[in-house]
Visitor: 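Sharing a structure here in structure tokens format.
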Amino acid sequence: MCGRYTVTTQQDLIAEMDLVRADDASCAGALAVAPGLPAGLTSWWAPRWNVAPTQPAPVVRTRAGRATLGLLRWGLVPHWADDLAIGVRHINARAETAAGKPAFRDSLRRRRCLVAADGFYEWRRDGKRRVPHWFGPGGGGPVTFAAIWDRWRRRDAPAGAPWVESFAILTTAAAPLVAPLHDRMPVVVAAADRARWLAADDLPAEAVADLLAPGAAVVAGWIDREVEPWVNDARRERGDRAG
DNA sequence: CCAGACGTTGTT
DNA sequence: GTCTGG
DNA sequence: CCAGACGTTGTT
DNA sequence: GTCTGG
């Protein structure tokens with residue numbers, strides 16, 4: 001699965017993908033609903049060491065023909081949902097079955113996006129303790145997870161109210177490096193495949209099926225590093241409790 | 001037709 | 001045990 | 001994902 | 001909104 005991750009190298013991703021940064025108004029929907037950004041962040045595109053479900057996070061989409069970094073809430077809320085809370089059950093979507101699920105199908109065809117990240121966490125159980133491990137490229141640097149998005153607004157919302165845009169991370173079978181801790185992991189999209197994933201077309205599932213297949217090659221050179229247990233607390237952004 | 005669900009994960 | 005919040 | 005709560009009534 | 005179950 002993927003239930004927690006880091007994104008600290010977004011400036012490198014902005015350079016690598018030549019991203020436009022969305023204006024603050026387009027981030028208003030994700031920020032208008034609790035919990036908003038973790039305390040202590042000076043901007044929505046600042047580095048994050050502990051992105052947790054329901055938080056807003058930076059995501060790349062094609063907007064007006066340009067790859068654009070914007071802020072979306074983690075946990076996909078389908079446009080037909082009665083309540084924002086539906087999103088907590090949609091933090092991940094299984095790549096093998098998403099094309100057939102009412103909550104994900106249309107988003108997979110028409111609203112694909114990439115989560116800006118540099119690695120993800122998995123937990124090892126040691127008796128009652130849950131010990132976090134970080135998985136990412138040994139040399140550091142940005143990576144992107146395949147994701148889908150939708151927008152939602154309460155039915156009785158006033159006409160001018162902002163839409164809440166939200167996303168789900170696609171998961172696939174775990175690579176051998178991750179398998180000892182868990183049988184699922186996020187779909188990692190290689191730099192060369194990003195443009196195809198982001199294409200604004202209404203794609204049949206087959207058109208991107210190869211990108212969603214388990215791809216051990218994409219995580220070649222990745223490492224498994226045990227990290228400090230402050231990560232367990234989703235309210236913490238750093239070990240020093242600074243934010 | 002209407003009513004009700006719509007999802008993944010881990011754990012047992 | 002199960003749900004909610006982050 | 002993990003951590004933490006898990007409730008109702010009446011009154012302000 | 002759209003699909004499934006009754």
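These values consider heavy atoms only, across backbone and side chains, with no hydrogens, waters or symmetry-generated copies. In what follows, chains carry the letters A, B, and so on, assigned in the order in which the sequence lines appear, proteins first and then strands, with residues in each chain numbered from 1. Remember, predicted model here, so these are calculated numbers, not experimental data.
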Visitor: Does A:Phe104 reach a base, just sugar-phosphate, or nothing at all? Heavy atoms under 4.0 Å.
Guide: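 A:Phe104: backbone/sugar contact only, no base atoms under 4.0 Å.
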
Visitor: Look at the rings of A:Trp123 and A:Tyr121 and say which category their plane angle falls in: under 30° parallel, 30 to 60° tilted, over 60° perpendicular.
Guide: tilted

Visitor: What stems show up for DNA chain D when you take Watson-Crick pairs (N1-N3 plus N6-O4 or O6-N4) and G-U wobbles (N1-O2, O6-N3), both under 3.5 Å, and require three or more consecutive pairs?
Guide: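 Output for stems: C:1-6 with D:1-6.
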
Visitor: Is there aromatic stacking of A:Trp123 against D:dC2, centre distance under 5.5 Å, plane angle under 30°?
Guide: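 No.
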
Visitor: Quick one: list whatever passes side-chain contact (heavy atoms from CB on, under 4.5 Å) with A:Pro180, sequence neighbours left out.
Guide: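 side-chain contact (heavy atoms from CB on, under 4.5 Å) list for A:Pro180, sorted by chain: empty.
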
Visitor: Send over the distance from A:Asn50 CG to D:dC2 C1', rounded to a whole Å.
Guide: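 For the pair A:Asn50 CG and D:dC2 C1', the rounded distance is 10 Å.
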
Visitor: Measure centre to centre between the rings of A:Trp49 and A:Tyr5, then say whether the value is under 6.0 Å.
Guide: no

Visitor: Looking only at side-chain N and O atoms, does A:Thr97 come under 4.0 Å of OP1 or OP2 in B:dT8?
Guide: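 So the side-chain polar atoms of A:Thr97 do come within 4.0 Å of the phosphate oxygens OP1 or OP2 of B:dT8, strictly under.
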
Visitor: Taking all non-hydrogen atoms of both residues, which atom of A:Asp150 and which atom of A:Ser107 are closest, and how far apart?
Guide: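 Minimum heavy-atom contact is CB-OG, 3.8 Å.
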
Visitor: What's in the same ILVMFWY side-chain cluster as A:Val88, cut-off under 4.5 Å, chained through other members?
Guide: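 When side chains under 4.5 Å apart are linked, A:Val88 ends up in no cluster with other residues.
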
Visitor: Using whole Å, report how far NZ of A:Lys101 lies from C1' of B:dT8.
Guide: 10 Å

Visitor: Is it the case that atom CD in A:Glu228 sees more than 12 heavy atoms from other parts of the structure closer than 6.0 Å?
Guide: no

